[in-house]
Amino acid sequence: VFAKGRLSGGPFAYPGPVRPGDAGLRLSGKSTMVAAAYGTGQGMDIRAILMGLAFAVMWSSAFTSARIIVASAPPLTALSLRFFISGLLGVLIARALGQSWQLTRGQWRATVIFGLCQNTLYLGLNFVAMQTIEAGLAAIIASTMPLLVGLAGWLIFRERIGWMGMLGLVAGVIGVAIIMGARLQG
C-alpha cells in the first residue's frame with residue numbers, strides 16, 4: 001500500500017504519521033480493514049470523496065472487463081498479467097513518491113499472506129468462477145466479503161463492533177439480500 005498515513009494493528013504497522021488532509025488506509029483490530037480519509041476538520045474532504053468515487057468506478061468495472069477477458073483467455077493467466085502490470089505501475093509510482101522497500105520481516109510476511117489471500121484466493125477463484133457466471137452476480141458475491149470479514153472478526157477474534165459498524169453490517173446484509181432476492185425472482 002503506497003498511501004500516506006499510518007497503518008496500525010498487528011503486523012500491518014506503517015511508520016508514517018497521519019496528517020489532516022491525508023488519504024490513507026487504517027487497519028484496526030485483527031481483521032477489520034477500514035478505508036479512512038482524514039479530513040481537515042473544516043467540512044467534507046472533497047479529495048477523499050473523489051478518490052472513493054474513482055475507486056468505486058474502477059472496482060465495479062473490473063468485473064465486467066474480467067468477464068470479457070475470461071471468455072477468451074485462461075483466467076489465472078489473465079489475472080497474473082493484470083497483477084504484473086498493476087504491480088509494476090504501483091512500484092513505479094511508489095518510487096516516484098520516494099517510498100522505499102525497507103519493511104520488517106513481519107511486514108513482508110503480512111504482505112505475502114495478504115497477497116496470497118486477496119489476489120490468489122479471492123480474485124483467482126472469482127476469475128475462475130466468471131467463466132460460468134455473470135459479472136453482476138460475481139460483483140454481488142464479492143460485495144459480501146466485507147460483511148463476512150466483519151462477522152469473522154466478531155466470531156473468531158471477539159472484536160467489538162460499535163453501533164455504527166453494526167449498522168453498516170446490517171445495511172450491507174439487507175442490501176445484498178434485496179439485490180440477490182430480486183435476481184433470484186426474476
Side-chain angles (χ1 to χ4, degrees), residues 1-3 7 11-12 23-27 31-37 47-97 99 101 103 107-153 155-156 168-186:
V1 175
F2 302 109
L7 298 182
F12 295 101
L25 292 178
R26 178 172 173 77
L27 296 178
S31 66
T32 307
M33 186 162 112
V34 179
R47 183 179 64 163
I49 291 170
L50 292 175
M51 288 174 62
L53 289 173
F55 172 79
V57 168
M58 287 185 278
W59 184 83
S60 62
S61 65
F63 289 95
T64 304
S65 61
R67 179 71 171 111
I68 293 167
I69 291 168
V70 299
S72 303
L76 297 180
T77 302
L79 190 61
S80 297
L81 182 59
R82 173 185 168 189
F83 285 127
F84 176 76
I85 293 168
S86 62
L88 186 61
L89 289 171
V91 168
L92 291 173
I93 292 169
R95 297 303 293 164
L97 294 173
Q99 299 290 324
W101 293 96
L103 299 175
Q107 290 168 328
W108 277 114
R109 183 178 56 246
T111 301
V112 169
I113 291 170
F114 181 80
L116 289 173
C117 292
Q118 176 69 19
N119 300 333
T120 306
L121 294 177
Y122 166 66
L123 289 172
L125 293 174
N126 213 328
F127 264 55
V128 169
M130 276 194 271
Q131 291 178 306
T132 57
I133 65 171
E134 299 171 19
L137 180 58
I140 292 168
I141 293 169
S143 297
T144 64
M145 188 175 73
L147 304 173
L148 297 174
V149 168
L151 180 64
L155 291 174
I156 296 169
L169 288 174
V170 169
V173 169
I174 290 170
V176 169
I178 289 170
I179 293 170
M180 289 301 291
R183 290 183 63 84
L184 293 174
Q185 291 176 359

(message) Ignoring hydrogens, what is the shortest heavy-atom contact between Leu123 and Asn119? Give both atom names and the distance.
(response) CB-O, 3.5 Å
(message) Taking the side chain as everything from C-beta on, heavy atoms only, tell me whether Arg82 gets closer than 4.5 Å to Leu79.
(response) yes
(message) For the backbone of Ala129 and the side chain of Thr132, can you confirm whether one donor and one acceptor N or O come within less than 3.5 Å of each other?
(response) yes
(request) Locate the shortest heavy-atom distance separating Gln131 from Arg67; write the atom from each residue and the value. (result) O-NH1, 3.7 Å
(request) Hey, could you give me the CD1/OG1 distance between Ile113 and Thr120, rounded to the nearest 0.5 Å? (result) 12.5 Å
(message) Run the side-chain contact (heavy atoms from CB on, under 4.5 Å) test against Ala66 and tell me which residues pass, sequence neighbours left out.
(response) Phe127, Met130
(message) Suppose we screen for side-chain contact (heavy atoms from CB on, under 4.5 Å). Which residues come up paired with Leu76, at least two apart in sequence or across chains?
(response) Val128
(request) Kindly compute the distance separating CD1 (Ile93) from CG (Leu88), expressed to the nearest 0.5 Å. (result) 10.0 Å
